[in-house]
Amino acid sequence: MIRYPVYKANLGDLDRDYVQQCLDSTWISSKGEFIQRFEGEFSRFTGASESIAVCNGTVALHLALLGLGIGPEDEVIVPTLTYIASVNAISYVGAKPIFVESTRDTWQLDPLDVEAKVSPRTKAIIAVHLYGHPCDMAALRKIADKHHLFLIEDCAEALGSRIAERHVGSIGDIATYSFYGNKTITTGEGGMLTTNDSALAERVRRLKGQGLMPGREYWHDMIGYNYRITNICAAIGCAQLQRAELTLARKREIAMRYRKELKGTTFEVHGEAAGIYHSYWMVSILAPSSIDRDKLRDYLARNGIETRPVFYPIHTMPMYSRPAQQFKVAEDISRRGINLPSYPQLQDDDLGFISDKLRSFADGRI
């Protein structure tokens, strides 16, 4: 029986109170006071001037690409080591994903490989801040500006991550977030786009609302989508944002505890580059080998500790596989990587128990 899941939603009385206010008001669908409130509070939290709430993180990526006018014949550079949504959204608009390698130290997309993969058909770069560690945005911004490319930030796993005190999501041309149940803040299902471009924000708002023309009822002058968030989800988001800093602080405490407890073992905790605030959506480690990884996961499961593997590189999946594709760093991280229980409700005694099992395995005491 699982005693310690990898993650569980951190919900409280305020979430319940705000949802009850929605029920009492009867505004439970895509209109209501909590939606604009959530967007405004999210802009203040991230520093982005425009925030647009949507029904999940995947549609946020779809809207970002549509809003930038990316479509058939275009290429979009994306890391192969990411969750599938980052790549599927590229396919939704008919564009071609161009995979790039990861850096060994941070696990983020490698700017050198990005530069090497730019072609005349390249239209954008998707910078996925994997597991909460920011990408090298200065290098990516330089490449994007040099080649006149859009820079999209996929912040699904990186709420609260910062580069020199600047929040991710406020650096690229547009950014996307996810509020799925296992994210740092959750709305059950939900997402957000942020941008500092007001014209782009307006286009995205129209696209998410069936292409409705402003100021004219039931008149649609573009093909749009029903990607709106509900007032109930936004209400939960408002409650979650109020304690986001506390949640982030606790998640870093958990990461630092794992780092301290595993120092000197054969496990390598996902690092943090200089000048970076890693939000540690998940605490991820590398085992010495793929065999060790699988044995460790089995041992921890027998002790009630759930783990998950690091994502498979997307280029290894059948619909995106192409001949002669090799990304040695990304493949190695995927084979050896594990996500540990990382939810903020974990108590110090819980962390002690999990860490003891990890050390026991590393020391051969099993």
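Heavy-atom basis, side chains included; hydrogens, waters and symmetry copies ignored.
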K.L.:
Can you tell me if OH on Y83 sees more than 12 non-hydrogen neighbours from other groups inside 6.0 Å?
P.N.:
no
K.L.:
Distance only, no hydrogens: is a donor on one side chain within 3.5 Å (strictly under) of an acceptor on the other, for N339 and S284?
P.N.:
yes
K.L.:
Would a line drawn from the ring center of F42 to the ring center of F179 be shorter than 6.0 Å?
P.N.:
yes
K.L.:
Consider only side-chain N and O atoms of Y320 and N88, and report whether a donor and an acceptor are under 3.5 Å apart.
P.N.:
yes
K.L.:
Among V114, D110, L109, find the one that has a side-chain contact (heavy atoms from CB on, under 4.5 Å) with L112.
P.N.:
D110
K.L.:
Does a side-chain N-to-carboxylate-O contact under 4.0 Å join R250 and E253?
P.N.:
yes
K.L.:
What verdict does the side chain to side chain contact (heavy atoms under 4.5 Å, CB included) test give for R252 and Y277, after you've listed the backbone C-alpha separation in whole Å, the side-chain angles of each residue and the deciding distance to 0.1 Å?
P.N.:
CA-CA 9 Å; R252 278 188 63 87; Y277 182 95; 3.0 Å; yes
K.L.:
May I ask you to decide whether K328 forms a salt bridge with D332, counting only side-chain N to carboxylate O separations under 4.0 Å?
P.N.:
no
K.L.:
If we only count heavy atoms from C-beta on, is the T265 to F361 side-chain gap below 4.5 Å?
P.N.:
no
K.L.:
Do the side chains of E50 and E202 get nearer than 4.5 Å, heavy atoms only?
P.N.:
no
K.L.:
Is D292 salt-bridged to K295, cutoff N-O under 4.0 Å?
P.N.:
no
K.L.:
Mind checking who shares a hydrophobic cluster with W219, ILVMFWY linked at side-chain heavy-atom distances under 4.5 Å?
P.N.:
M213
K.L.:
May I have the step-by-step check of side chain to side chain contact (heavy atoms under 4.5 Å, CB included) for N56 and Y180, ending in yes or no?
P.N.:
CA-CA 7 Å; N56 62 59; Y180 184 62; over 6 Å; no
K.L.:
Please determine if K117 and E75 form a salt bridge, counting it only when a charged side-chain N lies under 4.0 Å from a carboxylate O.
P.N.:
no
K.L.:
Look up atom CD in E115 and atom CD1 in I77, then write down how far apart they are to the nearest 0.5 Å.
P.N.:
8.5 Å
K.L.:
Would you call R359 and D356 a salt bridge, using N to O less than 4.0 angstrom?
P.N.:
yes
K.L.:
Would R335 and D294 pass as an ion pair if we require N to O under 4.0 Å?
P.N.:
no
K.L.:
Other residues, nucleotides and ligands only: do more than 12 of their heavy atoms fall within 6.0 Å of CD1 on I2?
P.N.:
yes
K.L.:
Does any N or O in the side chain of S30 come within less than 3.5 Å of the main-chain N or O of R228, such that one atom is a donor and the other an acceptor?
P.N.:
no
K.L.:
Using a 6.0 Å cut-off, check whether atom CD of Q325 has over 12 heavy atoms from anything other than its own residue.
P.N.:
yes
K.L.:
Using modelled atom types only, decide if a donor and an acceptor are shared between the side chain of T82 and the backbone of P79 within a distance under 3.5 Å.
P.N.:
no
K.L.:
Any chance you could measure K183, atom NZ, to M282, atom CE, to the nearest 0.5 Å?
P.N.:
7.5 Å
K.L.:
As a test of understanding, state which of R162, H270, H133 forms a side chain to side chain donor-acceptor pair (under 3.5 Å) with H278.
P.N.:
H270
K.L.:
Starting at CG of L193, measure out to CD1 of I152 and round the result to the nearest 0.5 Å.
P.N.:
10.0 Å
K.L.:
Might you point out which heavy atoms bring V76 and A95 nearest each other, and give the distance in Å?
P.N.:
CG2-CB, 4.2 Å
K.L.:
Answer yes or no: is there an ion pair linking R104 with E268, defined by an N-O contact shorter than 4.0 Å?
P.N.:
yes
K.L.:
Check H315 against E331 and note the closest heavy-atom contact, atom names and distance.
P.N.:
NE2-OE2, 2.8 Å
K.L.:
Identify whether the distance between the nearest side-chain nitrogen and carboxylate oxygen of D15 and R243 falls below 4.0 Å.
P.N.:
yes
K.L.:
Test Y131 against F311 for ring-ring contact (aromatic ring centres under 6.0 Å, His included), laying out the working first.
P.N.:
CA-CA 10 Å; Y131 294 120; F311 300 129; 5.3 Å; yes
K.L.:
Please check: side-chain N/O of E157 versus main-chain N/O of W281, any donor-acceptor pairing under 3.5 Å?
P.N.:
no
K.L.:
Quick check: closest heavy atoms across I185 and Q240, and the distance to 0.1 Å?
P.N.:
CA-OE1, 3.4 Å
K.L.:
What distance separates K251 NZ from L346 CG, expressed to the nearest 0.5 Å?
P.N.:
9.5 Å
K.L.:
Looking only at non-hydrogen atoms, find the nearest pair between A234 and I229 and report the distance.
P.N.:
N-CD1, 4.2 Å
K.L.:
Mind running side chain to side chain contact (heavy atoms under 4.5 Å, CB included) on K357 and I305 for me, showing each step along the way?
P.N.:
CA-CA 9 Å; K357 296 304 177 186; I305 302 166; 4.0 Å; yes
K.L.:
Which value, rounded to the nearest 0.5 Å, describes the distance between L207 atom CG and M222 atom CE?
P.N.:
5.0 Å
K.L.:
Give a yes or no on this: more than 12 heavy atoms of other residues, nucleotides or ligands lie within 6.0 Å of atom CD1 of I84.
P.N.:
yes
K.L.:
Taking only residues two or more places apart in sequence or in another chain, which ones pass salt bridge (charged side-chain N to carboxylate O under 4.0 Å, His left out) with R166?
P.N.:
none
K.L.:
Determine, step by step, whether W27 and E33 satisfy the side chain to side chain contact (heavy atoms under 4.5 Å, CB included) criterion, reporting the C-alpha distance in whole Å, the side-chain angles of both residues, the deciding distance to 0.1 Å, and the verdict.
P.N.:
CA-CA 8 Å; W27 291 100; E33 64 175 288; over 6 Å; no
K.L.:
With sequence neighbours left out, what residues match D17 under side-chain contact (heavy atoms from CB on, under 4.5 Å)?
P.N.:
none
K.L.:
Just verifying a value: how many Å separate I236 CD1 and F38 CZ, rounded to the nearest 0.5 Å?
P.N.:
10.0 Å
